[in-house]
Amino acid sequence: MSIAKTYNPADVEAKWYQRWQEQGFFKAKANPLKTPYSVVIPPPNVTGVLHMGHMLNNTIQDVLVRRARMQGKEACWVPGTDHASIATEAKVVALLKERGIEKKDLTREQFLEHAWEWKEKYGGIILEQLKKLGASCDWDRTRFTMEPELTEAVLRVFVDLHQKGLIYRGIRMVNWDPQGGTAVSDEEVVAKDTMAKMYHLRYEVVADSAQQAPQFMTVATSRPETIMADVAVAVNPNDSRYTHLHGAKVRIPLLGREIPVILDEYVSIEFGTGALKVTPAHDLNDYELGLKHNLPVIDILNNDGSLNEKAELYVGQDRFAARRNIVKDLEAAGLLDKVEEYASVLQTSERTGAVIEPRLSLQWFLKMEHLAKPALAAVESDEIKLHPPKFKNMYRVWMENVHDWCISRQLWWGQRIPAFYLPDGTYVVALNAEEALKLAREKSGNQELQVSDLRQDEDVLDTWFSSWLWPISVFDGFKDPDNADVNYFYPTNDLVTAPEILFFWVARMIMAGLEYRREVPFRNVYLTGIVRDDQGRKMSKQLGNSPDPLDLIATYGADGVRTGMLFSSPAGNDLLYDVKLVEQGRNFTNKLWNAFRLTKGWEVDAALPFANAKAVEWFSAKLNTTLAELDEHFDKFRMSDALMTIYKLVWDDFCSFYLEMVKPAYQAPIDPETLRYTTSFLETLLKLLHPFMPFITEEIWHELAERGPKDYVCVAAWPKPQSVSGAPELLSRMEKALEIVAGVRNIRNQKGLGPNKPLTLAAKTDDGTLLQDYDGVIRKLAALSEVTLVETAPAASVSFVTGGTEYFVPLEGQIDLGAEKVRLEKELEYANGFRESVLKKLSNEKFVQNAKPDVLERERHKLADAEAKIATLQQSLNSL
RNA sequence: GGGAGAUUAGCUCAGCUGGUUCAGAGCAUCUGCCUUACAAGCAGAGGGUCACUGGUUCGAACCCAGUAUCUCCCA
């Protein structure tokens, strides 16, 4: 039988994924006999494709879920997608445009038909990609935030919150995305630092009499096109420069409309010219100033960011075109004083990238105060733990300063707001038109009203208004609040997501969970970092610095990519992606493969006695100690540490030491006992590795032995640490033995002797038990023909000291006495220095008085060891 | 402008309540090896004033204060 020298993932990954599905291992159902463990996926955009962030995020989820499954829990990972209203609608609009169709030429129904068609065609690609990664989701549970059941949940919640008086409609300053043609929430606005221009404009002061020479006041603005919406100029009452203008009026440049000069301490005397143009319709602060001073509001913007007829000038031009033109005209009219560059912050839309225009509009809002309070308490009390905990601070600050949530969007793709307007302009809120009609008849007292008399609100709800219900709605907790699934799987256990959406999504899920089930939606929130390139830049399409995850999987194998991504991604830390990481991951799979290949190739001779008791006993101790460490890492959500712990256990302890200890000579057979132990160790390692590397572990599991129909490592029991008697002693003795091995190997290296040149070793010690017990191990790993005890140093030998004992490797004719002397003197010098430092500590009375007894004891030991070592070295030197 | 966090080896990070020679890991580096499981490998080695300056303490990477730099969040 021949096994490939390198592991070939492409051959096995699809096979095992299919088999797991056929076996139904990923399916979960309420089972009172088992402990539930559930995770809901952060639903990716339905039209999205897998990127590196998804890879990291979903690998972590899969590790958690697979481990829980092996621990015998009823593991349930619910997959699904998000309808992502702005992003998807923008994509559909762009697609239609390519085909020569403008959105404005379509009816709502026609547009939605196109959108659904597109969703059916491209939607869910990302879920297929997740299968390539090995994600063990219960695919039968796949949900979509805009499917009928989930839409119903959204509408029910809207109606309920409206009844509770938490949803209201009002005119507010909103963040307007002119490209998306919709309002967006505060959380969807991204601030970008830029250099902006500050234009100093001259406003003519309205003269008392026509005879006076015209006077001007200079007002600075970064958005000169908004002067047509000005309703006042404000100055600080304490600003002596403007005292003469108190009560005056000024003319808007070019337009000539007269507006008052008002006084308010809000105006900063230092900033700009100390005079502030007041534009209530297009700036939040100005709006509040306007309210205070009872000023009118003039909105000069259309939905698409162009100027409307209220502007009077530049009507129909985009705001940026209008800005260029008005600057030109102002300059020509001599009304532009100067232009300065200054560092400013540009507000942009997260979804479309367009520059946000603050704008007054009529929107739906959800009051947050009532919802935020318990949601804050849940995190403060650690009922929900954030990993890493540093995010707790951020969470608190945000929750204490939360604003009402603007939940309406001027889009078509999404859940339409269930508000129905009566002919008189009032409205009712109801789940559907029939219910609305009932309410409308009651409200108006008009029994003649028909459904056709009612007009439903045109807006849809913010996407997050459906995703905040996700942990409940995926278990049908709104439709049927007492169903077995939701009772069993809710609250879920862990949520894995990006810190960017801590407020968008995580905080709101906590609110919804507490409001609708009186229980938090999850216990742990694991916040991943952002995947960046090796220069620390965010991965982006524009930069082209993001590898295609599917190419990576094809090249390095899903297991290699998964482990590569987890090698260096502690919670909350950004992952600097480097192809070296996935190479390391791939190399690790190959290492494991070859360990398997070695053991698989052994022939057994049943007559042979058990020859490797020391190795087996040691590795058993090592394995069980590591197991406990591993569980601790997992419990603390230290995924990289958990992986690294297994990595070293497999590579260093199992492959480099254990297998080398028990490996028979070339083509020699192995004893049955050793093979039995070795196979069992390997099986345990496969189990530990499975959550990280599901495919290769399943492949080896089945290659290693004939397996029953349900015997998969995927559902094998997670190993529990067994107590091994005398484990610390076993570990430290083997460690000492391996130090001797390293000493010999070092000499081989220094002297340029090959790894196999037969050598002998002599030790000068009274206590030969270690050498005796580990004789086989030391001889084999260091390739020694003989280990002896001596009383004096053999002639012509190289020596080393470890564990207070001096060892000699006789090397006739190859010794450079001078070099050897120098080496020994150096070592002696170091040992003396060490002795001095310990002595100094011990002769410090205060230390002796204050230090804890065990610390003191340790120092005394160190001193004794050092002195013994010095004596040995001195002797060797003398004998040279 | 307000707040939070960080600064440890070339890189990415550990280092729990101060105490095993002023520190660990992985990767990278260097040296030597095609030693029949693996060159996607083996063996060995080197590499750090724990950002800086003070303070507390018998003792500080760890506690305190200040300085510098960086990152993130909010305005």
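It should be emphasised that the depicted structure is a prediction, and the values quoted were computed from it without experimental measurement. Naming convention: chains lettered A, B, ... in sequence-line order (proteins, then strands); numbering from 1 in each chain.
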What's the [atom1]-[atom2] distance between [X] and [N], to the nearest Å?
X      : N     : atom1 : atom2 : result
A:Q750 : B:G32 : CD    : P     : 14 Å
A:L643 : B:A14 : CG    : C1'   : 14 Å
A:Q584 : B:C13 : CD    : P     : 15 Å
A:M399 : B:G3  : CE    : C1'   : 18 Å
A:Y647 : B:A14 : OH    : P     : 19 Å
A:D653 : B:G26 : CG    : P     : 11 Å
A:D578 : B:G26 : CG    : C1'   : 13 Å
A:F567 : B:A25 : CZ    : P     : 16 Å

Mind checking what makes ring-ring contact (aromatic ring centres under 6.0 Å, His included) contact with [X], not counting sequence neighbours?
X      : answer
A:H702 : A:W16, A:Y712
A:Y7   : A:W593
A:Y526 : none

How would you list, by chain and number, every residue that makes a side chain to side chain donor-acceptor pair (under 3.5 Å) with A:E357, sequence neighbours excluded? A:R223, A:R319
Map A:K648 and A:N573 onto RNA chain B by nearest heavy atom, then report which one ends up closer to the 5' terminus. A:N573
On RNA chain B, check which nucleotide each of A:D641 and A:H403 is closest to and give me the residue with the more 5' one.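 Taking each residue's closest nucleotide, the earlier one in sequence belongs to A:D641.
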In whole Å, what separates the [atom1] atom of [N] from that of [M]?
N     : M     : atom1 : result
B:C11 : B:U7  : P     : 14 Å
B:G15 : B:C50 : C1'   : 10 Å
B:C63 : B:G1  : P     : 28 Å
B:U12 : B:U53 : P     : 23 Å
B:A45 : B:A40 : P     : 24 Å
B:U35 : B:C16 : C1'   : 43 Å
B:U8  : B:G47 : C1'   : 14 Å
B:U56 : B:G10 : C1'   : 36 Å

Partners passing side chain to side chain contact (heavy atoms under 4.5 Å, CB included) against [X] (at least two apart in sequence or in another chain):
X      : result
A:S732 : none
A:A554 : none
A:N393 : A:R396

Whether [X] side chain and [Y] backbone form a donor-acceptor pair below 3.5 Å:
X      : Y      : answer
A:S797 : A:L811 : no
A:D559 : A:I696 : yes
A:R586 : A:T555 : no

Would you say that more than 12 heavy atoms from the other residues, nucleotides or ligands in this model lie under 6.0 Å from the NZ of A:K392, or not? yes
Counting any heavy atom closer than 4.0 Å, what does A:N401 reach on the DNA or RNA strands: base, sugar-phosphate only, or nothing?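 A:N401: no heavy atom of the nucleic acid under 4.0 Å.
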Can you run down the ring pair (Phe, Tyr, Trp, His ring centres under 6.0 Å) pairs that involve residues 556-582 of chain A, sequence neighbours left out, and say none if there aren't any? A:F567-A:Y647
Name the atoms and distances for all side-chain donor-acceptor pairs under 3.5 Å in residues 650-666 of chain A, with sequence neighbours left out.
from: A:S656; atom 1: OG; to: A:W651; atom 2: O; distance (Å): 3.2
from: A:Y658; atom 1: OH; to: A:T678; atom 2: OG1; distance (Å): 2.9
from: A:E660; atom 1: OE1; to: A:K663; atom 2: NZ; distance (Å): 3.4

Extract from the structure each pairing of a protein N or O with an N or O of nucleotides 4-11 of chain B at less than 3.5 Å, listing the distance.
from: B:A4; atom 1: O3'; to: A:N393; atom 2: ND2; distance (Å): 3.2

Taking only Watson-Crick and G-U wobble pairs with both distances under 3.5 Å, what dot-bracket line describes RNA chain B, where [ ] shows pairs that cross earlier ones and | shows pairs with another strand? (((((((..((((.....[....)))).(((((.......))))).....(((((..]....)))))))))))).
Does B:G15 have OP1 or OP2 sitting under 4.0 Å from an N or O in the side chain of A:R638? yes
Given protein heavy atoms under 4.0 Å, the one-letter contact record of nucleotides 36-43 of chain B, with B base, S sugar-phosphate only and - none, is simply BBBSBSSB
